[in-house]
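So that we are looking at the same thing, I have put the structure below in structure tokens.
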Amino acid sequence: PKVWTFFCFIFHFCRSPPHQDTLNFNMSSSSYKPGPYHKKCIDTLAQSGNNPFVDQILRAMSNEGCHIPDEFISCKPCDEKVAGFFSNLTGITLCENRISEQKHVDRTLVHELIHAYDWCRADMSLNNCVQYACTEIRAANLSGDCNFGMELMRRNYKIKKHHQECVKRRATVSLSLSGSECGLNAEEHVNRAWKSCFKDTSPFGYIP
């Protein structure tokens with residue numbers, strides 16, 4: 001079944017020897033006890049194996065030589081009002097108390113996997129604010145965050161260049177909420193990174 005193929009695909013990464021230039025995601029041990037939303041998150045995450053964009057990003061990371069541990073993607077409760085987040089040290093966390101619908105999980109997972117892919121393929125530094133802004137632009141652009149339906153729900157939809165405006169807005173907000181010094185001048189950094197990073201649609205080759 002496709003669901004098992006998804007997890008076998010991740011475990012296959014774990015058994016593969018690290019590439020010489022591999023970005024290793026070191027997972028810390030956790031004493032987390034599953035909460036009431038945990039099973040729903042795990043079940044929904046398993047169904048994300050049917051998402052072709054999730055599959056494509058994972059395969060692109062494998063082709064780049066990145067080693068992904070078995071707990072790279074986890075479901076945990078979050079205090080922050082976010083659906084998920086990525087750390088180059090601990091991987092991707094889906095906030096099980098913030099998301100439940102399959103489309104929301106898929107969109108969040110693709111968003112965070114774009115960050116992971118950018119860390120995988122480039123020598124990124126969070127101290128480089130243009131690089132940080134770039135990955136936020138790409139995640140907003142390629143994850144479905146700014147599709148027609150989402151913008152209608154936010155009542156931000158415009159006839160002309162609505163997608164570009166949404167990507168720039170959401171990338172700026174994400175960077176400003178990052179907790180890093182880059183967030184202090186988020187709009188400036190997004191503007192500096194905009195031209196090249198909005199055009200960069202790797203690994204898809206187009207805006208999904």
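Any value given below was found using the heavy atoms of this structure, including those in side chains, with hydrogens, waters and symmetry copies removed. For this chain, numbers begin at 1 and follow the sequence in order.
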Under the rule for ring-ring contact (aromatic ring centres under 6.0 Å, His included), what residues qualify as partners of Y37, not counting sequence neighbours? none
Would you name the heavy atoms of E96 and C41 that are closest together and state the gap between them? CB-CB, 3.7 Å
Taking atom SG of C146 and atom CD of E165, what is their separation to the nearest 0.5 Å? 10.5 Å
Roughly how far apart are S174 OG and I137 CD1, rounded to 0.5 Å? 10.5 Å
Can you check whether N50's main-chain N or O pairs, donor with acceptor, with D55's side chain at less than 3.5 Å? no
Enter the distance from M61:CE to C120:SG here, rounded to the nearest 0.5 Å. 5.0 Å
May I ask whether F85 and I42 are part of the same hydrophobic cluster, defined by side-chain heavy atoms of I, L, V, M, F, W, Y residues being less than 4.5 angstrom apart, directly or through others? no
Quick one: which residue pairs count as a ring pair (Phe, Tyr, Trp, His ring centres under 6.0 Å) with a foot in residues 122-144, not counting sequence neighbours? none
Does the S176 side chain pair with the main chain of V173, one donor and one acceptor, at a distance under 3.5 Å? yes
How far does CG of D106 sit from CD1 of I99, to the nearest 0.5 angstrom? 9.5 Å
Please answer: with hydrophobic residues joined when any side-chain heavy atoms are less than 4.5 Å apart, are V82 and L177 in the same cluster? no
Can you check whether A60's main-chain N or O pairs, donor with acceptor, with R121's side chain at less than 3.5 Å? no
Side-chain touch N141/H163, heavy atoms, less than 4.5 angstrom: yes
Can you check whether T172's main-chain N or O pairs, donor with acceptor, with E136's side chain at less than 3.5 Å? no
Distance-only, no hydrogens or angles: does the S62 side chain make a donor-acceptor pair with backbone N or O of R59 under 3.5 Å? no
Roughly how far apart are L142 CG and L113 CG, rounded to 0.5 Å? 12.0 Å
Identify the two heavy atoms, one from S87 and one from T90, that lie closest to each other, and give their separation to 0.1 Å. CB-OG1, 3.2 Å
Between R170 and A140, which heavy-atom pair has the shortest distance, and what is it? CB-CB, 4.3 Å
For S143 and V110, which heavy atoms make the closest approach, and how far apart are they? CA-CG1, 3.7 Å
Which distance, rounded to the nearest 0.5 Å, do you find between the CG of N63 and the CD of Q56? 10.5 Å
Are any of the side-chain heavy atoms of L109 and N51 separated by less than 4.5 Å? no
Strictly by ring pair (Phe, Tyr, Trp, His ring centres under 6.0 Å), give each pair with a member in residues 89-112 just once, sequence neighbours left out. H111-H115
For R98, give me all partners under side chain to side chain contact (heavy atoms under 4.5 Å, CB included), at least two apart in sequence or on another chain. K81, C95
Are the side chain of N128 and the backbone of S125 linked by a donor-acceptor contact shorter than 3.5 Å? no
Hey, any chance V167 and I207 share a hydrophobic cluster, counting ILVMFWY side chains that come within less than 4.5 Å of each other, even indirectly? yes
Going by ring pair (Phe, Tyr, Trp, His ring centres under 6.0 Å), name the pairs with one or both residues in residues 40-62, residues two or more places apart or in two chains. F53-F204
Is it true that, when you exclude E188 itself, more than 12 heavy atoms of the residues, nucleotides or ligands shown sit nearer than 6.0 Å to its CD? yes
Exercise: identify the closest heavy-atom pair between V54 and S48: CB-O, 3.9 Å
Quick check: do T44 and L94 have side-chain heavy atoms less than 4.5 Å from each other? no
In a table with atom names and distances, give each donor-acceptor pair under 3.5 Å that connects a side chain of residues 190-197 to protein atoms at least two apart or in another chain.
residue	atom	partner	partner atom	Å
N191	ND2	E187	O	3.2

Please identify which of these residues, T93, D118, T135, I92, meets the side chain to side chain contact (heavy atoms under 4.5 Å, CB included) condition with F86. I92
Minimal non-hydrogen separation, P203 against I114, with atom names: CD-CD1, 4.2 Å
